[in-house]
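Written out below as C-alpha cells is the structure these notes cover.
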Amino acid sequence: MDALDLNESQAADHLPQREGFASCNPGMMHACGHDGHTTIGLGLASVLMAMKDQLSGTIKLIFQPAEEGVRGAKAMVTAGVVDDVDLFTAIHLGTGVPAGELVCGSDSFLATTKLDVNFTGVGAHAGGRPEEGRNALLAAAQATLALHGLTQHSGGVARVNVGVLQAGTGRNVVPDCALLKVETRGITNQVNDDIYQQALRVIAGAAAMYGVEHQVQLMGAARSSTPTQPWVDFIHQQADALGIFDSVVDRKAQAAGSEDATYMMERVKQHGGQASYAIFGCDLAAGHHNAKFDFDEQLMPVAITLLATLALNQAQFGGGR
C-alpha cells in the first residue's frame with residue numbers, strides 16, 4: 001500500500017527473506033509497517049461483517065495511501081472522505097513504543113513540508129571557459145549548508161533536512177542543473193510555516209548568489225494535531241476493560257516524526273467530531289525505514305480486537321457531537 005525507496009535486506013537472518021515474503025521489487029520495501037496496517041484493516045473488516053447485527057451507525061474503514069511523503073490524506077480529506085465522521089481513530093504500529101503497550105492519543109507528530117528544488121544554470125567547459133558557466137551545483141550546495149542552519153525557533157522543536165542533492169553531468173562540465181529534496185518540520189504548524197518560509201528565502205538567495213534560476217515544487221505536507229481528550233479517555237477505558245495490554249497510556253514522549261492522518265483528524269474536529277491517533281507497541285527487528293525492518297505479527301489480532309471493540313461499543317461514548 002505504501003512502500004519506501006529501499007532495497008529490502010537479503011540477509012539470512014532477515015525473517016521476510018528467510019520465509020519468502022520479502023519485497024520482490026528492487027528499490028521498494030515495506031519498511032514502516034503500512035502493510036501491517038492494511039492487514040489489520042482487512043482483518044477488522046472481516047470481524048465487523050461477522051458481527052454486523054450487533055453494530056449501530058455506519059462504520060467506515062479508511063485505507064490511507066501515500067503516508068510516506070505525506071501526500072495521501074490531504075487528497076482524501078479534500079474529497080470529503082471524513083466529512084461525515086463523528087469518531088475517528090488512526091493507528092500505527094511500533095514507533096518506539098514497547099511491546100504490549102497501547103498509546104491511546106499520540107500527539108508527538110511534527111508539522112512538515114516536503115519540497116523539491118530545481119536549480120537551472122548554464123553549462124560551460126570547466127577548463128576552457130568556466131566564466132561563461134553558471135554553476136547550479138554550487139547554488140544547491142550553498143543552499144544545503146544554509147538550510148541546515150535554520151533549526152532555531154523560540155516556538156519549539158524545528159527540523160530541516162536535505163535528503164538528496166543530485167547535480168551535474170560530467171567531470172569537466174560546469175553543472176547546469178541540480179536537484180534538492182528538502183523537508184522542514186516544526187512542533188506546531190506555525191513553527192513549521194516559519195521555517196519553511198525561511199527555507200524559501202535561503203534557496204532564493206543561493207540561486208541569486210550564483211546567477212542561476214530555481215523552481216520550488218511542493219511535494220507533500222502534514223499538520224500537527226492534538227487528539228480530543230474525551231475520545232482518548234474512551235479508548236483508554238475500552239482497552240483497560242479488554243485486559244490484553246501490558247500497559248495503556250494516553251500519551252507518550254517519543255521520536256518526533258510526521259503523519260498526514262493529522263489532516264483527517266483536524267477535519268473531523270472542525271466538523272465537531274472526536275479524533276485520536278493510537279499506537280500499538282510491538283517488537284521490531286530493526287527501526288522504521290531500515291532495510292531489515294520487520295514487526296511481530298502477533299500484534300495484528302490485538303489491534304483488530306481493540307478496534308472491533310471500539311466499533312461495537314461506540315454507542316456508549318457520551319462525548320461526541
Side-chain angles (χ1 to χ4, degrees), residues 1-4 6 8 15-17 19-25 28-77 79-82 84-95 97 99-104 106 231 235 238-239 242 244-245 259-265 268 275-285 288-289 293-314:
M1 181 94 183
D2 193 11
L4 282 148
L6 284 174
E8 185 156 6
L15 180 67
Q17 176 68 20
E19 297 296 327
F21 64 94
S23 173
C24 58
N25 297 302
M28 297 181 218
M29 174 196 172
H30 281 298
C32 197
H34 302 306
D35 51 342
H37 303 154
T38 300
T39 304
I40 290 168
L42 293 172
L44 177 61
S46 178
V47 170
L48 292 179
M49 285 304 296
M51 57 191 287
K52 61 183 179 180
D53 293 339
Q54 304 173 55
L55 298 173
S56 61
T58 299
I59 310 297
K60 181 177 290 191
L61 302 184
I62 301 172
F63 292 84
Q64 174 190 351
E67 187 278 327
E68 302 298 350
V70 289
R71 297 185 302 273
K74 186 176 182 180
M76 298 185 82
V77 166
V81 169
V82 296
D84 59 349
V85 172
D86 297 312
L87 303 170
F88 176 85
T89 305
I91 68 163
H92 208 297
L93 59 82
T95 74
V97 176
E101 182 166 282
L102 172 70
V103 180
C104 301
S106 178
W231 185 234
I235 295 171
Q238 296 295 311
L242 285 172
I244 58 176
F245 298 98
E259 163 64 79
D260 67 339
T262 52
Y263 275 114
M264 299 187 192
M265 293 173 64
V268 171
S276 190
Y277 196 109
I279 297 179
F280 296 91
C282 69
D283 291 326
L284 303 177
H288 295 268
H289 298 205
F293 177 86
D294 189 34
F295 64 90
D296 185 352
E297 295 177 7
Q298 295 182 67
L299 164 77
M300 294 193 290
V302 174
I304 292 168
T305 299
L306 175 64
L307 295 172
T309 300
L310 294 177
L312 182 64
N313 295 337
Q314 52 84 24

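Remember, it's a predicted structure, so these values are computed and weren't measured experimentally.
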For residues 44-57, which residue pairs qualify under side-chain hydrogen bond (donor to acceptor under 3.5 Å, both in side chains), counting only residues two or more places apart or in two chains?
S56-Q314
Output a table of donor-acceptor pairs, distance under 3.5 Å, between side-chain atoms of residues 296-310 and any protein atom two or more places apart or on a different chain; print 'none' if there are none.
| from | atom 1 | to | atom 2 | distance (Å) |
| --- | --- | --- | --- | --- |
| D296 | OD1 | Q298 | N | 3.0 |
| T305 | OG1 | P301 | O | 2.8 |
| T309 | OG1 | T305 | O | 2.7 |

Looking at NE2 of H30 and CG of D2, how far apart are the two atoms once the value is rounded to the nearest 0.5 Å?
8.0 Å
Among residues at least two apart in sequence or on other chains, which ones pass ring pair (Phe, Tyr, Trp, His ring centres under 6.0 Å) with F295?
none
How close do A311 and L55 get, counting heavy atoms only, and between which atoms?
O-CD2, 3.9 Å
Hey, what do you get for CZ (F293) to CG (L6), rounding to the nearest 0.5 Å?
11.5 Å
Do you know the tightest heavy-atom contact between A90 and A261?
CB-CB, 4.1 Å
Gap between atom CG of L61 and atom CG of L42 - 0.5 Å precision
9.0 Å
CG of L93 to CD1 of I40, rounded to nearest 0.5 Å, is 6.0 Å
Run the side chain to side chain donor-acceptor pair (under 3.5 Å) test against T89 and tell me which residues pass, sequence neighbours left out.
W231
By side chain to side chain donor-acceptor pair (under 3.5 Å), D260 pairs with (sequence neighbours left out) Q64
Closest non-hydrogen contact found for A239 with L102 is CB-CD2, 3.5 Å
A99: side chain to side chain contact (heavy atoms under 4.5 Å, CB included) partners, not counting sequence neighbours
D283
Which atom names give the shortest non-hydrogen contact between V97 and E101, and what distance separates them?
CG1-OE2, 3.6 Å
Any pair counted as ring-ring contact (aromatic ring centres under 6.0 Å, His included), so long as it reaches residues 34-59, sequence neighbours left out:
H34-H37, H34-H92, H37-H92
With heavy-atom distances below 4.5 Å as the criterion, would you say the side chains of E8 and Q17 are in contact?
no
Give me the atom names and distance for the closest heavy-atom approach of G94 to I279.
O-CG2, 3.6 Å
All pairs passing salt bridge (Lys or Arg N to Asp or Glu O under 4.0 Å) where residues 60-75 contributes a residue, at least two apart
K60-D84
Nearest 0.5 Å, what's the OG-CE distance between S23 and M29?
8.0 Å
Closest heavy-atom contact between C32 and H288?
O-ND1, 3.0 Å
Residues in ring pair (Phe, Tyr, Trp, His ring centres under 6.0 Å) with Y277, at least two apart?
F109
